[in-house]
Amino acid sequence: ELEQLKTNFISTISHEFKTPLTSIMMGTSLLNDGTVGRLNTEQGRILISIEEDCCKLSNLVDDLLYMSKIESKDAAYDMKYVSINELVDEATKPFYIQSASKGVSLHVVTPLNLPKVYVDREKIIWVINNLLGNALKYTNNKDEISVGASVQNEKILITISDTGIGIPGDYLEKIFDQFVQVENSDLEIRGTGLGLFIAREIVRSHGGKIWCKSQLDKGSSFTFSLPLNNSTATKI
């Protein structure tokens, strides 16, 4: 009961934050564009800083809303048999331009004969997007990101690997908890600390698991599993 009250409270507060944040972001955007008059250089810098902070808050609110939605006892899942190949292609497509602009190579390697899986397409795409987004944040020019899928022990395994800065060993279990952020002086980009928690909850709700292997300065590899039922799953 307490958990449900907490979820409802977070959802309500997040919705209340969403509207004024959207108004502030629209206002700063209009000012930055010069739509309502010119700004001097110092005013422009201040507005850019405000806009960046608003974006961070907006991302936090979005993650809180999504978390409360996932944790709700009335959480709805649109389960269907989908092609893993198509799902991975759809999830990675938006990241090719982003990775190229950063000088990072993005590779997708999935066998053509993978079986279909019974999942909520939107939510599994969200998981892959989150893992790809994290990989892109913590890679630099000439690094590589790869997305792969395979079948092992009646499960589909999807892996997102990178050659980025890596994660300290002490955090490999903690990073899937709520609001956990890796403490490292070299990490200047910080998220909300909710993305991996939400990813774990989505994967768990599908009967799967998610884990991470990483070495500092060598990269990270995130893998999650989705169970197969050979009696009902059909080949593509």
Side-chain angles (χ1 to χ4, degrees), residues 70 77-100 102 104-140 142-169 171-177 195-236:
I70 293 298
Y77 280 76
D78 184 16
M79 305 292 286
K80 294 178 182 177
Y81 282 103
V82 300
S83 160
I84 280 293
N85 299 81
E86 292 177 5
L87 189 150
V88 169
D89 286 344
E90 183 179 343
T92 53
K93 191 175 181 179
F95 289 89
Y96 282 104
I97 295 176
Q98 296 180 46
S99 57
K102 195 175 179 181
V104 175
S105 299
L106 175 59
H107 308 283
V108 177
V109 183
T110 55
L112 295 177
N113 61 342
L114 289 172
K116 291 186 176 182
V117 287
Y118 192 60
V119 298
D120 184 314
R121 184 188 192 97
E122 177 190 335
K123 290 181 174 61
I124 296 303
I125 286 177
W126 191 97
V127 172
I128 297 173
N129 284 346
N130 180 264
L131 296 177
L132 277 171
N134 285 343
L136 196 56
K137 282 180 184 177
Y138 301 114
T139 47
N140 298 305
K142 296 184 179 180
D143 275 327
E144 295 183 1
I145 297 172
S146 62
V147 182
S150 61
V151 179
Q152 291 183 27
N153 301 321
E154 303 301 318
K155 297 175 182 178
I156 287 281
L157 300 184
I158 299 176
T159 301
I160 291 86
S161 301
D162 65 70
T163 59
I165 61 178
I167 301 168
Y171 284 88
L172 292 181
E173 294 296 329
K174 300 175 185 176
I175 54 174
F176 295 103
D177 295 336
L196 290 175
F197 169 78
I198 294 171
R200 184 186 68 181
E201 294 304 298
I202 291 174
V203 171
R204 280 181 173 177
S205 70
H206 283 79
K209 295 181 179 179
I210 186 169
W211 62 93
C212 174
K213 295 179 181 179
S214 184
Q215 282 185 280
L216 285 176
D217 301 320
K218 291 188 177 181
S220 303
S221 179
F222 284 83
T223 302
F224 67 94
S225 63
L226 297 170
L228 285 175
N229 184 340
N230 288 335
S231 63
T232 54
T234 57
K235 297 289 182 181
I236 296 172

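Predicted model, so just to flag it, every value in this text is computed and none were measured. Note: hydrogens, waters and symmetry copies are ignored here, and every other heavy atom, side chains too, is used.
- Checking side-chain atoms of Thr159 against main-chain N and O of Gly148 turns up no donor-acceptor pair under 3.5 Å.
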Residue pair Leu136, Asp162: steps toward the side-chain contact (heavy atoms from CB on, under 4.5 Å) verdict: CA-CA 8 Å; Leu136 196 56; Asp162 65 70; over 6 Å; no

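- Contact of the Ile156 side chain with the Val151 side chain is registered, since non-hydrogen atoms from C-beta on lie closer than 4.5 Å.
- A search for ring-ring contact (aromatic ring centres under 6.0 Å, His included) contacts involving Tyr96 returns nothing, not counting sequence neighbours.
- For Gln98, the CD atom counts as densely surrounded, since its 6.0 Å shell holds more than 12 non-hydrogen atoms of other residues, nucleotides or ligands.
- Here the closest non-hydrogen pair linking Ala135 and Ile160 is CB-CG2, 4.3 Å.
- Scanning both residues, Tyr77 and Ser205, for their nearest heavy atoms gives OH-OG, 3.0 Å.
- Not one N or O on the side chain of Asn134 forms a donor-acceptor pair closer than 3.5 Å with the backbone of Leu131.
- For Pro168 against Leu216, the heavy-atom pair with the smallest separation is N-CD2, 3.7 Å.
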Kindly determine whether Leu172 and Ser214 satisfy side-chain contact (heavy atoms from CB on, under 4.5 Å), including the steps that lead there. CA-CA 8 Å; Leu172 292 181; Ser214 184; 3.8 Å; yes

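- The CH2 atom of Trp211 lies 5.0 Å from the CG atom of Leu157; values are rounded to the nearest 0.5 Å.
- Here OG1 of Thr223 is found 13.5 Å from NZ of Lys209. Values are rounded to the nearest 0.5 Å.
- Within the 4.5 Å cutoff, the side chain of Ile158 has no heavy atoms near those of the Thr110 side chain.
- Nearest heavy atom pair, residue Leu106 against residue Ser99, reads CB-OG, 3.7 Å.
- The two atoms that bring Ile84 and Pro115 nearest to each other are CG1-O, 4.1 Å, heavy atoms only.
- For Asp89, there are no salt bridge (Lys or Arg N to Asp or Glu O under 4.0 Å) partners at least two apart in sequence or on another chain.
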Worked check of side-chain contact (heavy atoms from CB on, under 4.5 Å) between Trp126 and Ile198: CA-CA 9 Å; Trp126 191 97; Ile198 294 171; 3.6 Å; yes

Stepwise side-chain contact (heavy atoms from CB on, under 4.5 Å) test for Phe222 and Ile167: CA-CA 11 Å; Phe222 284 83; Ile167 301 168; 3.8 Å; yes

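- Remark: Thr92 OG1 to Asn129 CG distance equals 9.0 Å, nearest 0.5 Å.
- Here the side chains of Arg200 and Asp177 are in contact, with some heavy-atom distance below 4.5 Å.
- Atom CG of Leu226 sits about 8.5 Å away from atom CG of Leu87, to the nearest 0.5 Å.
- Listed here is the closest heavy atom pair of Gly166 and Ser220: CA-OG, 3.6 Å.
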Cut-off 3.5 Å, no hydrogens considered: what does the side-chain donor-acceptor table look like for residues 118-125, sequence neighbours left out?
from: Asp120; atom 1: OD1; to: Glu122; atom 2: N; distance (Å): 3.2
from: Asp120; atom 1: OD1; to: Lys123; atom 2: N; distance (Å): 3.2
from: Asp120; atom 1: OD2; to: Asp78; atom 2: N; distance (Å): 2.8
from: Asp120; atom 1: OD2; to: Lys123; atom 2: NZ; distance (Å): 3.2
from: Arg121; atom 1: NE; to: Glu90; atom 2: OE1; distance (Å): 3.0
from: Arg121; atom 1: NH2; to: Glu90; atom 2: OE1; distance (Å): 2.8
from: Lys123; atom 1: NZ; to: Ala76; atom 2: O; distance (Å): 3.1

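- In this structure, the side chains of Val109 and Ser146 stay at 4.5 Å or more apart for every pair of heavy atoms.
- Between the side chain of Lys102 and the main chain of Asp143, no donor-acceptor pair closer than 3.5 Å is present.
- Side-chain atoms of Asn85 come within 3.5 Å of backbone N or O of Pro111 as a donor-acceptor pair.
- Inter-residue side-chain proximity for Ile202 and Phe224 is flagged as unmet; no heavy-atom pair is nearer than 4.5 Å.
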